[in-house]
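Report on one structure; see the data block that follows.
Protein chains get the first letters and strands the later ones, always in sequence-line order, with residue 1 at the start of each.
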Amino acid sequence: MPELPEVETTRRGIAPHITGRTVSRVIVRDARLRWPVPRRLAADLAGQMVEHVGRRAKYLLLETARGTAILHLGMSGSLRLLPAASPPRTHDHVDVLFGEQCLRLHDPRRFGAMLWTEDDPLAHPRLRDLGPEPLSTAFDGAYLHAVARHRRIAIKALLMDGHVVVGVGNIYATEALFRAGIHPQRSCRRISRPRLEQLVGEVKAVLDYAIARGGTTLRDFLNESGQPGYFAQELFVYGRAGQPCKRCGTRLKSRAIGQRASAYCPSCQH
DNA sequence: AAATTCTCCTGAAGGC
DNA sequence: TGCCTTCAGGAGAATT
C-alpha cells in the first residue's frame, strides 16, 4: 500500500515527466472514488500546464495556474506513466493525458481520491488541519513530547493520528516503535522525553531509508509493473506476528490498536 | 475536546 | 473446483 515513502517516490517519478507539460485531455472512466471526482475537474484541468508536482502528507498536488488537482492513492492506488494509446484495464479510473503520454490512476479498492481546488491547496479542508511533515524539523522530540503529555492514547495511535504527524501509516509506526523499543500499546503520556526523542529519530530514519529504497520501486513504477514489497524483506515486525523476533528470537505477538493490527516483540518492546 | 467506532471497497486467504 | 466468510487498511465521519 502506498505509505508516505511510496507517495514521495511516486511524486519524484512523475514530476520530471509532467512538470512544464500541458494537459491535453482528462478522461474520468469512474468517478466513484472516496469522494466523487468533481465533474468540473476534467474541463478545468484540461489545457492547463503543470507548474509543479507537490506533496502534503500522502496527498499529491498537481499545481496549475488555474487550480490544483489533489490526489490520494488510498491503500490500493497507483499512478503510472504510459503511452496514451495503452488500453485501460479494470480499475483504471482516470487518465490525465499529455499528448502522447498518459498519467493513469489505477485503484481497485477506490479508497483513493482526486479532487480539485482553485484556491491555496494547503487551505483545502482535506489539508488544512494536518499535523507537521514527519521529515520536517517541526517534528522533533520536543514537539511530540508536548503533544503526548496531554493525550491518553496508545503511542501507536498517536503516531498514526494525522493531526499529530502525517504520513506515518501502520507499517512505519510499527517498525519505528520496534526500533525504539517501545510497546505499541504503551500510553503516550507515560513515555519519557528521551524515549520520545529516540522514537522521532526512528520514524525519520525508517521513512528516509524507505524513500531511498524507493528508487527501485520508482523504476518499476515508471516501467509499468507495480512491483510490491520492495521493503517487505527488511521489516522487523510488521506482518510477522507468530514469527521469531529478528533481534532476540522471541515469538512476535500482535494485537489490535485502534482497529489496526499491531505486531510487536514482547521481549524487546516495553 | 478527545477517544472510539463505523464506513467505504476489492482481492486475498482460509474453511469446508 | 468453487462458494462463502473473514479480514486488511487510510482516514474522514459519526458517535460516545
Notebook entry, point to check: Quick one: does A/R151's side chain have a donor or acceptor within less than 3.5 Å of a partner on A/V147's backbone?
Noted result: no
Next item on the list: Determine yes or no for a side-chain-to-main-chain donor-acceptor pair under 3.5 angstrom, with A/Q48 supplying the side chain and A/R66 the backbone.
Entry: yes
Distance in angstrom units between [X] [atom1] and [N] [atom2], rounded:
X: A/L127; N: C/dA11; atom1: CG; atom2: C1'; answer: 13 Å
X: A/D161; N: C/dG10; atom1: CG; atom2: P; answer: 14 Å
X: A/L71; N: C/dG10; atom1: CG; atom2: P; answer: 18 Å
X: A/R110; N: C/dG10; atom1: CZ; atom2: C1'; answer: 16 Å
X: A/R126; N: C/dG12; atom1: CZ; atom2: C1'; answer: 6 Å
X: A/D129; N: C/dG12; atom1: CG; atom2: P; answer: 9 Å
X: A/K156; N: C/dG9; atom1: NZ; atom2: C1'; answer: 11 Å
X: A/I257; N: C/dA8; atom1: CD1; atom2: C1'; answer: 16 Å

Margin query: Using a heavy-atom cut-off of 4.0 Å across all strands, would you classify A/R260 as base, sugar-phosphate, or nothing?
Written below: base
Next item on the list: Under 4.0 Å between any heavy atoms, over every strand shown, what does A/R34 touch: base, sugar-phosphate, or nothing? Just pick one.
Entry: base
Check: According to the 5.5 Å centroid and 30° plane-angle thresholds, does A/F111 stack upon the nucleobase of C/dA11?
Finding: no
Ignoring backbone atoms, establish whether [X] has a side-chain N or O less than 4.0 Å from OP1 or OP2 of [N].
X: A/Y59; N: C/dG12; result: yes
X: A/H72; N: C/dG10; result: no
X: A/K58; N: C/dG10; result: no

When rounded to the nearest 0.5 angstrom, what is the spacing between [atom1] in [X] and [atom2] in [Y]?
X: A/T68; Y: A/L127; atom1: OG1; atom2: CG; value: 9.5 Å
X: A/Q101; Y: A/D95; atom1: CD; atom2: CG; value: 11.5 Å
X: A/L105; Y: A/I27; atom1: CG; atom2: CD1; value: 13.0 Å

Check: Contact boundaries of DNA chain B with chain A (under 4.0 Å, heavy atoms), 5' to 3'?
Finding: B/dA2 to B/dG11
Item checked: Over 12 non-hydrogen atoms of neighbours within 6.0 angstrom of CZ in A/R247 -> yes
Checklist line | Whichever of A/A154 and A/H91 has its nearest DNA chain B nucleotide further upstream toward 5' | finding: A/A154
Note to self: Would A/R195 and A/R193 count as a side chain to side chain contact (heavy atoms under 4.5 Å, CB included) here? Give the steps.
What the structure shows: CA-CA 5 Å; A/R195 295 187 80 201; A/R193 178 164 169 164; over 6 Å; no
